[in-house]
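Reminder, nothing fancy here: chain letters follow the sequence lines and each chain counts from 1. Everything numeric in this text was worked out from a predicted model, so none of it was measured. The basis for the numbers below is simple: all heavy atoms, side chains too, and nothing from hydrogens, waters or symmetry mates.
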Number of protein chains: 2
Amino acid sequence: MSTPPPPPPRKRVTAAMVAERAGTSIAAVSLVVNGKHRGRISDENAERVRAAVRELGYVVDSTASALARGTSDVVVLLAPDLPNPFFGRVINAVQETLGERFQLLLFASPTGAQPTVADVRRLAALRPAGLLVSAPTVEFLDDAPAGVPLVLLDAPGLEDRAPAVNYDLASGVRALIAHLAERGHRVIGYLDGSTPAATYELRRTLLQAEAERRGMTLLTTPRVRSRPDIAEAMAAAEASLPAWRAAGATAVIAASDTLAHGVLAACARAGLRVPEDIAVAGFDDLPASAVTAPALTSVALPGDLLGSVAARLLVSLIDGGEAPEPAELPAALVVRASTG
Amino acid sequence: MSTPPPPPPRKRVTAAMVAERAGTSIAAVSLVVNGKHRGRISDENAERVRAAVRELGYVVDSTASALARGTSDVVVLLAPDLPNPFFGRVINAVQETLGERFQLLLFASPTGAQPTVADVRRLAALRPAGLLVSAPTVEFLDDAPAGVPLVLLDAPGLEDRAPAVNYDLASGVRALIAHLAERGHRVIGYLDGSTPAATYELRRTLLQAEAERRGMTLLTTPRVRSRPDIAEAMAAAEASLPAWRAAGATAVIAASDTLAHGVLAACARAGLRVPEDIAVAGFDDLPASAVTAPALTSVALPGDLLGSVAARLLVSLIDGGEAPEPAELPAALVVRASTG
DNA sequence: CTGAAAGCGCTTACAG
DNA sequence: CTGAAAGCGCTTACAG
């Protein structure tokens, strides 16, 4: 009887084992698996290394590689609002764009808060290959680790601090206010995000300026805010609807669709018909916004575009490329039933 | 004129620098920052180390630490359906439960596909502290890296392969079918997920068995499937509604709320009233399901519970704890307008 | 309680 | 084209 083949050794495969099998040095293995062997290793030896890699199932140990090179293959995505469905598409696009070369590490500070200095230090200790930071504040950028390629997502006004990928919020806001003006709305309630980010600041100020320009009023005092959570947004809207209505508001804009979903829920509970009694609009154009009751008018902020463009930019920075002109992503108004 | 204070050295702070400042050895620094100094370092020296750490802003280099220890602080979450809003809460809960000790790395295979052997090898090369795997197939588990603590999420039937945190889908299904039976439905269309995961298999077979038990019919031939994407689900439902209706279906169940949102959209486009012409229900109870048109009946699968319980279990495994009895999470039916 | 030293598994000048 | 060796910054026996 023939003995069964010995079980594959449970030991982890190292470059030394590959080198021994291929009859080369460890250095040769490193050069070949990293594709740096042109003109340094004979074709024959390179092929032997490749064969040994295949046979043994060798994969470079990323911790050792990171230590030797001084940087890892990890790209960190920092986002204050991770649980927001908006980020699903961003994350997905980032991941697909990064491909097999980088690993995506998520970092979300406790909802809404900005990362602390200690957080930033711990991130830097990972020796990330690059950082993607969504909706940052200026304060965060002051603490950002030096020497790490950095791309900002949806960080209007911070373009001078780092390469940024932003939406053309001004166009979207103009279209939204024009649309509401045309429908005869003069006073508009506003539900703001509670995340302290430049993009929310800008959304509010743009809306306000554009409304004023047309002789309309955006109600921002008192400031009504909520984290990106439907239940919390509903509570905030429910508490504010009487005051908004008393001030003559016939429409409510929310800083994001998730917040707008909360407004819709609050209107339903208050027995208000949308859009007859009150119109509602948001930002993001989440997939679910096409099926809400009623379907939601929204300034579409394509998250997949944001993720893919930012990731592509980051990779080019990591590879030593120059930061190209920051491109603005479209922010188009999608009109649906919630604004009649 | 006094010279300005020299800028803080841009050099990265190492344990050697801390040791020099504290007047101790590097080993002492390591022991103190890792809290392993009890009975090994004098209180006085420990305090000097802590002071030096504070003054220099020292953080342990995680790549070097991982290499020396043979394992990193990274916990990998593998999920086939990451862009699905369902995962927002899971991710958030996992992250909060892991706290500062671990970093969360996301791995999503191209939507719906299972990770390949090569993917698994690359993950293993990160030397993760642990793995969280959502909705896996049996095949994946055969390739899973050995020797890495592993917890499965929503992996019914795979409990014997690894510690798992599952929902009590049977109860949820029973309640849903009972509810529909009570409303007089006898024939039900089914929109399945296209992700090849045990949880989707189980949802379908449980529904089918429970329907049969009550003399009802779940239409599963031909199998209608979609990825967790509203647009794709809408297209699938739109194509199947005529056949479902022709077979006498007065209700449609979708394997997840995201899919159900697509069904709602398809009904709206087909001019069908929900629930008068056709009732609709899903699984997950996404936040948005409370504000869809109409609000969606759903078997609630609390993602935050799934994430926190699984993460807590994983941490205990990492710390050498025994895998406790797998607890089943509740899956309660939430009845809303979409089923009348 | 303390420190010198080996070792983790790579990458990269460097000398042939 | 090739390989021996230093070095990345830790952690952990080990000998005092």
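Atom C1' of nucleotide D:dA13 and atom CD1 of B:I26 are separated by 16 Å, given to the nearest angstrom. Note: CZ (A:R69) to P (D:dC10) measures 18 Å, nearest angstrom. Across the protein-nucleic acid pair, A:R127 atom CZ and D:dC10 atom P stand 8 Å apart, rounded to whole Å. Here D:dG9 presents its C1' atom at 16 Å from CD of B:E20, a figure rounded to the nearest Å. For the pair B:L67 CG and C:dC8 C1', the interatomic distance rounds to 4 Å; values are reported in whole Å. Note: CG (B:D61) to C1' (D:dG9) measures 6 Å, nearest angstrom.
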**Item:** Trace of the side-chain contact (heavy atoms from CB on, under 4.5 Å) decision for A:L314 with A:F102
**Value:** CA-CA 11 Å; A:L314 182 67; A:F102 299 103; over 6 Å; no
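Applying the side-chain hydrogen bond (donor to acceptor under 3.5 Å, both in side chains) criterion to A:T116, with sequence neighbours excluded, gives A:D119.
Interface residues of residues 29-59 of chain A facing DNA chain C, ordered by number: A:S30, A:N34, A:K36, A:R40, A:Y58; criterion, heavy-atom separation under 4.0 Å.
The backbone N or O of B:A64 lies less than 3.5 Å from a partner atom in the side chain of B:D61, making a donor-acceptor pair. A donor-acceptor contact shorter than 3.5 Å links the side chain of B:N166 to the backbone of B:A155. The backbone N or O of A:A125 lies less than 3.5 Å from a partner atom in the side chain of B:S62, making a donor-acceptor pair.
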**Intra- and interstrand pairs of DNA chain C - dot-bracket, Watson-Crick/G-U under 3.5 Å, | marks other strand** = |||.||||||||.|||
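By the 4.5 Å heavy-atom criterion applied to side chains, A:F107 and A:L123 are counted as neighbours. With a 4.5 Å cut-off on side-chain heavy atoms, B:L104 and A:L105 do not count as touching.
A salt bridge links B:D319 with B:R101: at least one charged nitrogen is closer than 4.0 Å to a carboxylate oxygen. A salt bridge is absent between B:R89 and B:E96: the closest approach of a Lys/Arg side-chain nitrogen to an acidic carboxylate oxygen does not fall below 4.0 angstrom.
At the heavy-atom level, B:A27 lies under 4.0 Å from base atoms of the strands shown.
Side-chain N/O atoms of A:T14 include none lying less than 4.0 angstrom from OP1 or OP2 on C:dG9. When the side-chain nitrogen and oxygen atoms of A:S25 are compared with OP1 and OP2 of D:dT2, none of them lie within a distance under 4.0 Å.
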